[in-house]
Amino acid sequence: MNTLKLTTEPADIARAARIIAEGGLVAFPTETVYGLGADALNEAAVAAVYQAKGRPSDNPMIVHIAGVEELSRLTADESEDIRRVTEAFWPGPLTIILRKLPAVPDRTTGGLDTVAIRMPETEAARELIRLSGCPIAAPSANLSGSPSPTRARDVIADLDGRIDAVICGDDCRVGIESTVLDLTSEQPMILRPGIITAERIAAALGKDVAYDPSLKEAAKHTALDPEKGAQDSDFKPKSPGMKYRHYAPRAEMHIISGAQDRVREEIRRRQEAYEKEGRKVGVILFEEAAFAEAAHDLFSRLRDLDAAGVDVILAGALNDADGVGFAVMNRMLKSAGYSVIRV
Ligand code: AMP
Ligand code: MG
């Protein structure tokens, strides 16, 4: 299949919308990462998304809408919590989980009776949804398992020839996926951290927000804990889901965690040792506490290091228990298959 390369000009977006309405697949920019979109209510189109990405079919998709009034096509849920978070954060990088209406195919939700919904901030994305006339199911526009695409060229590198079209817009402003917030029970719960933090959501809701317990479990292994020493380096996660390699570069990757100066020293030491063995090393070291910049750059850095043919990636951990740095660490840990070296 010849993948059309489109711009964000109105005529191109209209063309892309016709492709979606006819059951085709179009990748498009959002503020988080590029999405691979299909009509969320068209079962065959959604099945084709899984096929193009090589994505396991039990992994549910996020359904994108262009206005709050479109919620009623997907869910009958209404609540003060929904009203508050949508008012505070939409359009923007927050996904909410609600109970689905029967019109939403099981394919879209991976067999769950709930549906994930988001209104993206990027104008081209909302225009595409409006003109398509349907909610758009869109996972990230990459091959399943590889780092998420934050630039049009990343989408093309993974999916050229496998999808109908790609809208080539700007690089993504945020760079990591949306915060996923479950609103199906009394206690709102974050299932995936993002740049909209628990603290901000709690402030908007006027009540506490919990984390899915497995998230904090994984994060524990990144906290500064000099007592533990380097023997922790081969931590193996207990939950099978966490073992799933995701966002992964082709290169072997390790995270070095500890005080900033010791991390720098350890990376230098290891780099030298690897290079003596003739292995090419890439380093990812963000400024301390520059968490938004880290979110913006992480996936593109991983892709660029792969393209440069490095054998090993050494990344400095971000030390942040709760905020944007925590969301970036959630991805970095998966990228590295949870290989953490403490110094
Ligand atoms: P992606 O489309 O790659 O951004 O991934 C979407 C993520 O949203 C999935 O991996 C799930 O973690 C989450 N998600 C989507 N739908 C649901 C749902 N109904 N219940 C819980 N989590 C969901
Ligand atoms: Mg993804």
Side-chain angles (χ1 to χ4, degrees), residues 25 27-38 40 46 49-50 52-65 71 74-75 77 82 92-120 122 125 135-150 154-155 158-159 163 172 174-185 187-196 210-215 218 239-242 244-249 295 298-300 302-303 327 330-332 334-335:
L25 308 186
F28 61 97
T30 81
E31 74 279 22
T32 56
V33 302
Y34 272 72
L36 176 57
V46 170
V49 171
Y50 285 108
K53 276 180 63 78
R55 179 177 173 111
S57 61
D58 62 347
N59 199 349
M61 292 183 194
I62 294 171
V63 178
H64 296 71
I65 59 176
L71 273 175
L74 305 168
T75 182
D77 289 358
I82 298 173
L94 177 75
T95 296
I96 56 175
I97 309 285
L98 300 171
R99 276 167 287 266
K100 83 174 185 76
L101 284 173
V104 183
D106 284 341
R107 279 271 188 192
T108 304
T109 63
L112 298 171
D113 55 7
T114 54
V115 56
I117 310 171
R118 178 166 105 81
M119 192 200 307
T122 304
I136 295 184
S140 49
N142 55 333
L143 288 173
S144 190
S146 74
S148 297
T150 57
D154 301 337
V155 178
D158 275 21
L159 298 178
I163 61 176
C172 301
V174 175
I176 59 171
E177 303 82 350
S178 57
T179 306
V180 176
L181 179 70
D182 186 350
L183 288 179
T184 59
S185 45
Q187 163 92 88
M189 186 184 279
I190 291 181
L191 304 185
R192 176 173 73 185
I195 68 151
I196 295 184
Y211 279 105
D212 178 329
S214 70
L215 289 175
S239 135
M242 283 167 44
Y244 173 54
R245 214 159 174 242
H246 200 168
Y247 311 127
L298 176 66
F299 289 134
S300 56
L302 292 174
R303 283 179 172 269
N330 169 271
R331 275 64 171 190
M332 210 193 263
K334 289 183 184 177
S335 301

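Indexing begins at 1, ligand by ligand and atom by atom, following the structure's order.
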When you compare the side chains of Glu177 and Ser140, does any donor N or O come within less than 3.5 Å of an acceptor on the partner? no
Val180 and its side chain to side chain contact (heavy atoms under 4.5 Å, CB included) partner, picked from Ile190, Asp212, Thr95, Ile96: Thr95
Of all the atoms in ligand 1, which lie at a distance below 4.0 Å from a heavy atom belonging to [X]?
{"X": "Ser140", "answer": "2 (O), 3 (O)"}
{"X": "Ala116", "answer": "15 (C), 16 (N), 17 (C)"}
{"X": "Leu191", "answer": "21 (C), 22 (N)"}
{"X": "Pro139", "answer": "2 (O)"}
{"X": "Pro60", "answer": "6 (C), 9 (C), 14 (N), 15 (C), 16 (N), 17 (C), 23 (C)"}
{"X": "Leu112", "answer": "18 (C), 19 (N), 20 (N)"}

With distance as the sole test, does [X] use its side chain to make a donor-acceptor pair with the main-chain N or O of [Y] at under 3.5 Å?
{"X": "Asn142", "Y": "Pro149", "result": "no"}
{"X": "Thr109", "Y": "Pro60", "result": "no"}
{"X": "Ser178", "Y": "Pro93", "result": "no"}
{"X": "Tyr50", "Y": "Asn59", "result": "yes"}
{"X": "Arg303", "Y": "Pro147", "result": "yes"}

Which is it for [X] and ligand 1 at heavy atoms under 4.0 Å: side chain, backbone, both or neither?
{"X": "Thr114", "value": "both"}
{"X": "Thr95", "value": "neither"}
{"X": "Val33", "value": "neither"}

Going by the angle between their ring planes, with limits at 30° and 60°, are Phe299 and Tyr247 parallel, tilted or perpendicular? tilted
Can you confirm whether some protein heavy atom lies under 4.0 Å from atom 12 (O) of ligand 1, or whether none does? no
Can Glu31 and Arg118 be said to form a salt bridge (charged side-chain N to carboxylate O under 4.0 Å, His left out), step by step? CA-CA 12 Å; Glu31 74 279 22; Arg118 178 166 105 81; 2.7 Å; yes
In the protein, which heavy atom is nearest to atom 10 (O) of ligand 1, and how far is it? Asn59 OD1, 3.1 Å
Where the closest heavy atom to atom 5 (O) of ligand 1 is concerned, which of Arg99, Arg192, His246, Met61 has it? Arg192
Is there side-chain contact between Met119 and Leu71, with heavy atoms separated by less than 4.5 Å? no
Can you tell me if Thr109 contacts ligand 1 (heavy atom of the residue under 4.0 Å from the ligand)? no
Can you tell me if Arg55 has a non-hydrogen atom under 4.0 Å from ligand 1? yes
Is it true that some N/O/S atom of Ser144, main chain or side chain, lies under 2.8 Å from the Mg ion (ligand 2)? no
